[in-house]
2 protein chains.
Amino acid sequence: MASPDTRAQILDAAERLFAERGFRGTSIRAITDLAGVNLAAVGYHFGSKAELLTAVARRVVEPINAAQRAGLDRLLARTPDPAVADLVAAFAGPLFDEMPAGDEQGARTSRLIVTILGDPAEEMRSWTGPAEDAVRDRYLAAFGRALPGLSAGELRFRLRGILAVTAMDRVEVYQRQVPGCSSPVAGEAARRWAITFLAAAMSAPSTEA
Amino acid sequence: MASPDTRAQILDAAERLFAERGFRGTSIRAITDLAGVNLAAVGYHFGSKAELLTAVARRVVEPINAAQRAGLDRLLARTPDPAVADLVAAFAGPLFDEMPAGDEQGARTSRLIVTILGDPAEEMRSWTGPAEDAVRDRYLAAFGRALPGLSAGELRFRLRGILAVTAMDRVEVYQRQVPGCSSPVAGEAARRWAITFLAAAMSAPSTEA
DNA sequence: GTCTATAGAACGATAGAC
DNA sequence: GTCTATCGTTCTATAGAC
């Protein structure tokens with residue numbers, strides 16, 4: 001059979017299983033079984049299980065990153081100094097767009113991201129590239145202009161807060177419950193709730209006051 | 001030797017290794033080696049690796065939960081309707097107190113919580129008890145009185161946001177980098193930044209506006 | 001490119017001596 | 001309670017036929 005086909009089958013199966021069971025909880029056998037391909041195909045097409053994870057992660061991250069970049073471009077074309085709420089929507093929105101609420105695939109993608117972020121293993125740390133760094137830095141600069149009182153450190157802390165809230169919260173759509181907190185969130189409401197919550201958080205006055 | 005001693009050695013070693021390598025990434029052998037006890041001791045004292053995780057998690061969670069409870073009691077003794085910022089400080093504060101900034105043990109505890117929250121495996125979901133649910137419900141009620149415009153759903157969403165920000169952000173103190181965002185946070189600053197950020201977020205007007 | 005077969009190394013759990 | 005020894009399983013990775 002055509003090689004691109006086998007490759008794609010493996011990527012699809014791996015994305016699903018890594019999200020559902022984590023990296024270490026997923027065996028190459030489980031992936032190739034679900035993909036309907038031979039066990040040795042992973043080694044042939046990707047080299048190793050860790051490199052397969054990298055390929056899966058990059059396929060997920062790239063469209064999100066591109067949408068964040070495009071959103072910022074759109075804002076900056078309108079005005080050189082966008083409002084905080086618009087910046088939050090442009091940054092957090094793609095995390096919802098690329099993981100449609102109610103859609104099983106979207107919830108799974110969400111789960112995958114948290115699984116990767118939360119895993120302490122070193123293999124999970126090498127899948128962001130210069131494209132992600134560049135977009136993050138552009139948002140930091142834009143937020144910095146909109147919030148002139150904030151130190152660079154506090155600004156970075158807050159941007160990371162956006163990621164934390166969007167990533168952790170979307171988990172429950174796919175998974176029954178995160179301990180210490182409560183029930184699943186109704187689809188599209190989460191997106192609006194998150195923007196409200198995060199726009200207020202980002203707009204808070206500097207702590208050094 | 002005395003059994004309580006062996007038990008404690010195992011708990012200490014397991015807490016450290018689960019935080020550093022995750023549940024599946026940690027073998028019983030690695031735990032007993034670090035603890036300086038025999039391989040079979042885990043089976044004898046805890047039954048299985050999964051039950052050991054439960055014991056580790058409960059030992060970490062209980063003092064945090066107790067401090068959250070005491071903090072709310074203290075607020076309510078002063079006034080029946082505490083301010084949002086005070087509620088945020090009482091809820092999020094213990095997450096910092098029990099994981100002192102700059103302290104290696106504190107950062108590790110932080111990492112352990114994220115590791116457990118982020119792991120999709122079912123074994124990681126059975127360690128919260130009625131005590132945690134009760135404290136969460138009391139905070140929900142108090143926040144509900146302070147923010148009368150919010151639906152129960154949005155309120156729960158926001159409380160979960162507090163956990164997301166405190167847990168995810170403290171990770172970087174221990175670990176070099178979380179992709180998509182940036183550099184480590186300076187010790188005690190994180191606590192004040194988090195309270196500022198979260199108090200503003202919690203105080204946001206209802207989304208249904 | 002796809003497959004079979006297997007090497008080689010871990011793993012969790014436990015039986016049974018002390 | 002502590003130990004040794006080991007069973008049975010599962011894993012990743014790869015060699016080599018087709």
Side-chain angles (χ1 to χ4, degrees), chain A residues 1-57 59 112 115-116 119-127, chain B residues 1-57 59 112 115-116 119-127:
Chain A
M1 294 298 167
S3 161
D5 214 67
T6 295
R7 246 189 91 94
Q9 298 278 356
I10 292 173
L11 281 171
D12 288 343
E15 183 175 320
R16 165 174 233 134
L17 292 176
F18 285 154
E20 285 177 358
R21 313 180 188 175
F23 178 70
R24 292 200 131 106
T26 303
S27 67
I28 293 182
R29 285 166 154 83
I31 294 168
T32 52
D33 283 358
L34 179 63
V37 303
N38 187 269
L39 171 63
V42 165
Y44 179 79
H45 287 282
F46 298 94
S48 69
K49 188 184 168 187
E51 288 167 289
L52 171 58
L53 171 71
T54 300
V56 167
R59 195 177 63 155
L112 176 67
T115 294
I116 293 176
D119 198 305
E122 201 54 45
E123 295 117 304
M124 321 292 268
R125 297 294 133 216
S126 52
W127 54 275
Chain B
M1 294 297 168
S3 160
D5 214 67
T6 295
R7 247 189 90 95
Q9 298 278 356
I10 293 173
L11 282 172
D12 288 343
E15 183 176 320
R16 167 175 231 134
L17 292 177
F18 285 154
E20 285 177 357
R21 313 180 188 175
F23 178 69
R24 292 198 129 107
T26 304
S27 68
I28 294 183
R29 285 170 163 81
I31 294 168
T32 51
D33 281 0
L34 179 61
V37 304
N38 188 270
L39 170 63
V42 165
Y44 179 79
H45 286 282
F46 297 95
S48 70
K49 189 184 168 187
E51 289 168 288
L52 170 58
L53 171 72
T54 301
V56 167
R59 194 177 65 154
L112 176 67
T115 295
I116 292 177
D119 198 305
E122 202 54 45
E123 295 119 304
M124 320 292 268
R125 297 294 135 220
S126 53
W127 53 276

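Please read these numbers as outputs of a predicted model, since none were measured by experiment. Hydrogens, waters and symmetry mates are skipped; everything else that's a heavy atom, side chains included, is used. So that the names make sense, note that chain A is the first sequence line, chain B the second, and so on, each numbered from 1.
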Handout entry: Atom pair distance, as rounded to whole Å: CZ in B:F46 and P in D:dG1
Key =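 The answer, rounded to whole Å, is 12 Å.
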
Practice task
Produce a footprint string for nucleotides 4-18 of chain C: one letter per nucleotide, 5' end first; B if the base is under 4.0 Å from any protein heavy atom, S if only the sugar-phosphate is, - if neither.
Solution key: B------BBBB----

Exercise for the section: Return the set of residues passing salt bridge (Lys or Arg N to Asp or Glu O under 4.0 Å) with B:D33 (not counting sequence neighbours), or none when no residue passes. Expected result: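 Counting only residues at least two positions away or on another chain, B:D33 forms no salt bridge (Lys or Arg N to Asp or Glu O under 4.0 Å).
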
Practice task
Please list, chain by chain and in numerical order, all residues satisfying salt bridge (Lys or Arg N to Asp or Glu O under 4.0 Å) with B:R29, sequence neighbours excluded.
Solution key: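 Here no residue qualifies.
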
Handout entry: Shortest non-hydrogen separation from B:I31 to B:I10 and the atoms involved
Key =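 What the structure gives for the nearest pair is CG2-O, 4.0 Å.
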
Exercise for the section: Scan side-chain atoms only and decide if A:E51 and A:S48 contain a donor-acceptor pair under the 3.5 Å cut-off. Expected result: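 Present: a donor and an acceptor within the cut-off.
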
Practice task
Compare side-chain N and O positions of A:T6 against OP1 and OP2 of C:dG1 and report whether any pair is under 4.0 Å apart.
Solution key: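 It does not, given that no N or O in the side chain of A:T6 lies less than 4.0 Å from OP1 or OP2 of C:dG1.
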
Exercise for the section: For B:T26 and B:L17, indicate whether the former's side chain and the latter's backbone hold a donor-acceptor pair under 3.5 Å. Expected result: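 Side chain of B:T26 to backbone of B:L17, a donor-acceptor pair under 3.5 Å: yes, one is there.
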
